Amino acid sequence: MSVVQSIKSAAAAAIKALFDQTIPAKDIAINTTKPEFEGEYTILVFPFTKFSRLKPEETADRLGKYLQEHNPDLVAGYNVIKGFLNIQVNEQYWAQYLQQHFNNRNIGKKPANGKKVMVEYSSPNTNKPLHLGHLRNNFLGYAVSEILKANGYEVIKANLVNDRGIHICKSMLAWQLFAHGDTPESTGIKGDHLVGDYYVKFESILKEQTEPIIARALEHDYKDFEGADKERMEKLVTVFHKPEIQADEEKLDKLNDEIRELARKQTEIMQQAKIMLQQWEAGNPEVRALWATMNGWVYKGFNQTYKRLGIDFDKMYYESETYLLGKDLVEEGLAKGILFKKEDNSVWIDLTADGLDEKLLLRGDGTSVYMTQDLGTARLKYADYQMDQSLYVVADEQNYHFKVLQLILQKLQEPCADGIYHLSYGMVELPSGRMKSREGTVVDADDLIDEMIATAAEQTKESGKLDDMTEDAQGLLYNMIGLGGLKFFLLRVDPKKKMVFDPRESISLQGFTSAFVQYAYARIKSILREVAPDIDKLEGYCHKGSLTTLEKALIVLNEQYDNVLEEAAKEMSPSVIANYAYQLAQTFNSFYAEKKDGIPVHSVRQAETPEKQKLRLQIIKLTANTIAKSMKLLGIEVPERM
RNA sequence: GGACCGGUAGCUCAGUUGGAUAGAGCAACUGCCUUCUAAGCAGUAGGUCAAUGGUUCGAAUCCAUUCCGGUUCACCA
């Protein structure tokens with residue numbers, strides 16, 4: 001039981017005895033004590049004054065006295081300031097905690113709880129390499145998985161690869177037209193980047209072909225259009241030429257987008273891409289062969305990147321194998337009368353009663369849409385694993401989609417419905433605003449990783465501390481620091497919030513960074529190497545006597561790891577862990593550096609007494625363990641030296 | 001227009017089951033390397049917690065209204 005829990009239940013018992021009131025221990029409000037006051041934890045007594053019929057100070061005083069008398073092992077003293085009862089935990093309590101846990105490798109690890117969770121994350125498209133946005137997704141998915149595992153869940157990490165569709169055909173077509181048979185091997189370009197280059201090529205041709213069509217249409221020449229598209233374009237152009245629209249910038253932008261979208265559809269290259277998609281769907285052997293080849297290049301590239309990132313999956317799903325699923329569900333829904341058909345044979349669900357819109361599930365021609373696929377995939381996943389919860393790590397622009405997805409599954413009474421949880425995270429923006437591929441501001445993941453590692457290498461060399469290290473060891477260290485920096489930077493922010501990625505700040509190794517935490521760890525390891533403690537002797541040691549403020553502060557923080565781990569799982573937020581690890585490292589650094597009259601207060605090597613040395617060895621060993629554990633949850637390694 | 005999310009120091013972020021004088025990092029300024037790693041430590045300065053009203057012994061936190069920003073409401077994925 002944690003200290004906080006112990007204090008709460010002791011307080012609940014005290015309240016029962018003193019005021020004859022029954023309060024559940026968990027409802028007692030307790031905070032960490034502000035540093036300027038004596039004590040470690042503070043009970044808020046305001047809520048008790050209702051039934052104590054005493055002033056807050058008086059209530060706190062009685063409660064404090066009772067706790068001290070009846071729980072001397074836990075509460076050694078107290079002080080009261082207004083309605084705040086500051087509890088001074090018995091130092092023996094801390095000493096015992098330290099003795100029991102300082103060498104415990106499984107600290108914080110919860111026993112299996114029998115619950116199974118799938119975490120779907122990464123889920124890339126195969127027409128482009130990974131970028132900064134994917135990195136936040138990947139790190140989040142991985143870290144949340146690790147956090148859930150540490151909390152006793154069985155976790156299945158899943159990746160649903162979007163390997164088919166019009167976007168892949170675009171890359172394929174452009175490759176066919178312009179590559180002259182180039183391959184990753186022949187060009188030396190990483191496969192995912194090569195395929196991405198041809199996607200970009202397609203888009204530039206598309207733009208070239210779109211411009212004249214738009215120009216003609218705006219001059220009322222509609223020869224590029226037919227049927228419904230022609231009618232629509234005529235309407236759009238008429239509106240476009242209205243003076244009041246010309247004056248309204250926002251409406252004009254929107255209109256321009258619509259006109260462009262419609263014009264793009266008419267281009268020759270787009271028509272070719274569509275034909276290719278139809279051929280793919282019909283199973284045309286040549287198209288399928290090219291598709292398989294190019295996706296193969298991409299997977300090789302992705303796997304390289306995943307490996308560098310230290311990210312893995314237990315189960316791969318491919319959209320080419322799942323995109324036809326969901327139609328069965330639609331049929332069943334129709335039979336049950338939950339879905340309905342319109343005149344054109346398209347299938348819909350009416351969600352207006354839930355405050356949402358009508359949602360299309362099958363087109364008039366019987367082909368499925370994104371939502372239909374996701375319905376089918378949700379069922380497939382559940383058939384595969386029967387998990388209690390199914391997390392989707394997907395950006396918050398799809399909040400509406402997942403709300404609808406869950407609602408539809410619930411209406412269809414699918415057993416997987418209630419376990420669905422959209423782990424929605426905010427977009428990563430640059431100081432200049434959103435990343436836009438059209439403006440070429442997308443930050444490539446591989447480039448970014450290279451840059452981070454290069455910066456780590458440069459700064460390490462500058463310090464000159466590790467010149468005696470082998471080159472291999474140095475390389476590993478640069479990776480640890482560079483990648484750690486990237487991961488920490490993206491994970492330290494609450495996932496729900498959008499965040500700004502400032503490249504300059506991200507490569508920094510000072511302040512609230514992984515390097516800071518790693519450095520604290522390396523410092524501890526350095527001491528442990530030098531003092532070389534006899535663990536057996538330490539195991540048997542339980543410190544008697546007083547603790548300094550920072551000795552105590554470190555033990556108190558370490559003891560909170562359990563709660564922090566639970567909190568991180570409850571909130572599905574690795575940032576809780578990142579903040580904690582930083583705070584722990586910061587406290588250690590203060591502990592390490594504090595001097596009085598020019599002499600270190602907490603020297604381990606030259607401790608005042610052998611007892612103090614043992615105590616401090618226990619403290620720093622515990623701290624190193626906790627730091628390593630915390631960082632591991634974030635997918636970050638810690639170095640022996642740096 | 002409807003729905004959802006956000007607005008905390010110059011910048012990036014912590015802080016919400018309502019609690020003490022709102023905290024870090026970066027940037028700026030001042031100190032600290034004969035003694036376990038200065039990628040560090042100690043300190044100074046920087047705030048009408050978007051605004052107004054309400055609930056409360058107590059509000060950055062809860063409620064209402066307003067302002068500002070974002071996302072979404074596709075027979076795209």
Side-chain angles (χ1 to χ4, degrees), chain A residues 26-27 29 31 33-34 36-37 42 44-47 49 56 81-84 86 123 125 162 164-167 261 319 323 342 344 346-348 355-357 359-365 367-371 373-374 395-401 403-404 424 426-427 429 431 434 456 459-460 462-463 465-466 481 489 492-494 496-502 504-506 508-513 515-520 522-531 575-576 578-579 582-583 585-586 588-595 598-600 602-607 616 620 641-642:
Chain A
K26 66 174 172 53
D27 289 350
N31 291 342
T33 304
K34 294 229 158 203
E36 54 267 39
F37 304 112
T42 298
L44 305 177
V45 301
F46 295 101
T49 55
I81 293 160
K82 292 193 273 181
F84 299 93
N86 300 323
S123 302
N125 291 0
N162 186 359
R164 53 130 250 139
I166 189 73
H167 41 290
E261 204 46 52
E319 215 187 276
Y323 82 107
K342 288 195 177 174
D344 65 349
S346 57
V347 180
W348 297 73
L356 305 173
D357 306 306
K359 189 83 195 169
L360 176 91
L361 294 179
L362 278 184
R363 297 188 183 102
D365 62 6
T367 56
S368 56
V369 292
Y370 178 45
M371 182 62 76
Q373 296 172 33
D374 267 9
D396 61 8
E397 56 187 359
Q398 295 201 38
N399 285 354
Y400 181 76
H401 174 78
K403 204 171 160 184
V404 172
S424 163
M427 300 288 221
E429 294 178 3
R434 268 187 89 158
Q459 301 209 18
T460 305
E462 220 168 80
S463 79
K465 285 190 234 172
L466 304 166
I481 299 172
F489 192 86
R492 66 181 203 186
V493 180
D494 182 349
K496 289 192 289 294
K497 294 189 180 172
K498 71 175 182 198
M499 65 175 294
V500 174
F501 183 88
D502 185 342
R504 252 190 337 191
E505 201 187 327
S506 71
S508 164
L509 304 178
Q510 265 96 42
F512 188 16
T513 64
F516 182 99
V517 182
Q518 289 170 323
Y519 185 63
R523 276 177 146 181
I524 294 175
K525 295 310 275 221
S526 167
I527 299 172
L528 291 175
R529 273 193 301 276
E530 188 168 335
V531 182
S575 73
V576 172
N579 278 286
Y582 174 68
Q583 200 191 345
Q586 202 179 33
F588 168 76
N589 279 334
S590 298
F591 166 91
Y592 180 89
E594 195 186 2
K595 281 185 188 175
I599 299 164
H602 301 108
S603 177
V604 177
R605 192 180 57 198
Q606 297 177 341
R616 287 176 195 153
I620 64 172
R641 293 175 61 190
M642 74 182 274

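Note that the coordinates shown come from a computational prediction; the quantities given were computed from them, not determined experimentally. In what follows, chains carry the letters A, B, and so on, assigned in the order in which the sequence lines appear, proteins first and then strands, with residues in each chain numbered from 1.
Nucleotides B:A20 and B:A60, compared at atom P, are 9 Å apart to the nearest Å. A gap of 32 Å separates the P atoms of B:U71 and B:C26, to the nearest Å. For the P atoms, the distance linking B:A24 with B:A45 amounts to 13 Å, nearest Å. For the C1' atom pair drawn from B:G15 and B:G25, the interatomic distance equals 15 Å after rounding to whole Å. Here, B:A59 and B:U52 have their P atoms 15 Å apart, quoted to the whole Å. Using atom C1' as the reference point in both B:A77 and B:U17, the two lie 39 Å apart (nearest Å).
Looking at residues two or more places apart in sequence or on another chain, you find no ring-ring contact (aromatic ring centres under 6.0 Å, His included) involving A:Phe37. Residues passing the salt bridge (Lys or Arg N to Asp or Glu O under 4.0 Å) test with A:Arg605 are A:Glu530, sequence neighbours excluded.
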Strictly under 3.5 Å: I want the nitrogen or oxygen pairs between protein and nucleotides 19-23 of chain B, one per line.
residue: B:A20; atom: N6; partner: A:Thr42; partner atom: OG1; Å: 2.9
residue: B:A20; atom: N6; partner: A:Asn86; partner atom: OD1; Å: 3.1
residue: B:A20; atom: N1; partner: A:Asn86; partner atom: OD1; Å: 3.4

Could you list, one pair per line, each protein nitrogen or oxygen that sits under 3.5 Å from a nitrogen or oxygen of nucleotides 4-13 of chain B, together with the distance?
residue: B:C13; atom: OP1; partner: A:Val500; partner atom: N; Å: 2.6

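Salt bridge absent: A:Arg363 and A:Asp365 never bring a charged side-chain N and a carboxylate O closer than 4.0 Å.
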Inset, instruction - Could you summarise the pairing of RNA chain B as dot-bracket text, marking Watson-Crick and G-U pairs under 3.5 Å with ( ) or [ ] inside the strand and | across strands? - result: ((((((((.[[[[.)...(...]]]].(((((.......))))).....[[[[[..)....]]]]])))))))....
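The separation between A:Asn125 atom CG and B:C76 atom P is 16 Å, rounded to whole Å. For the pair A:Glu319 CD and B:A77 C1', the computed distance is 7 Å after rounding to whole Å. The distance from atom OH of A:Tyr582 to atom P of B:G15 is 15 Å, rounded to the nearest whole Å.
Heavy-atom distances to RNA chain B give each of A:Ser508 and A:Asp27 a nearest nucleotide, and the one nearer the 5′ end belongs to A:Asp27. Both A:Lys26 and A:Gln398 lie close to RNA chain B; mapped to their nearest nucleotides by heavy-atom distance, the more 5′-ward contact belongs to A:Lys26.
Of the listed residues (A:Asp374, A:Val347, A:Leu360, A:Leu362), just one forms a side-chain contact (heavy atoms from CB on, under 4.5 Å) with A:Ser368, and that residue is A:Leu362.
In B:C13 the O4'-C1'-N dihedral to the base is more than 90° from 0, which defines an anti nucleotide.
Proximity of A:Arg363 to the phosphate of B:C76: a side-chain N or O atom is located under 4.0 Å from OP1 or OP2.
Among the protein residues, A:Tyr370 comes within range of the nucleic acid bases, having at least one heavy atom under 4.0 Å from a base atom.
The side-chain tip of A:Arg492 points at the ring of A:Phe512 from less than 6.0 angstrom away and within 45° of straight on.
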Inset, instruction - Encode nucleotides 31-43 of chain B as B, S and - characters from 5' to 3', where the letter depends on protein heavy atoms closer than 4.0 Å: B to the base, S only to sugar-phosphate, - to neither. - result: ----BBBSBSSS-
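Classified by interplanar angle (parallel below 30°, tilted 30° to 60°, perpendicular above 60°), the ring pair A:Phe489/A:Phe501 is perpendicular.
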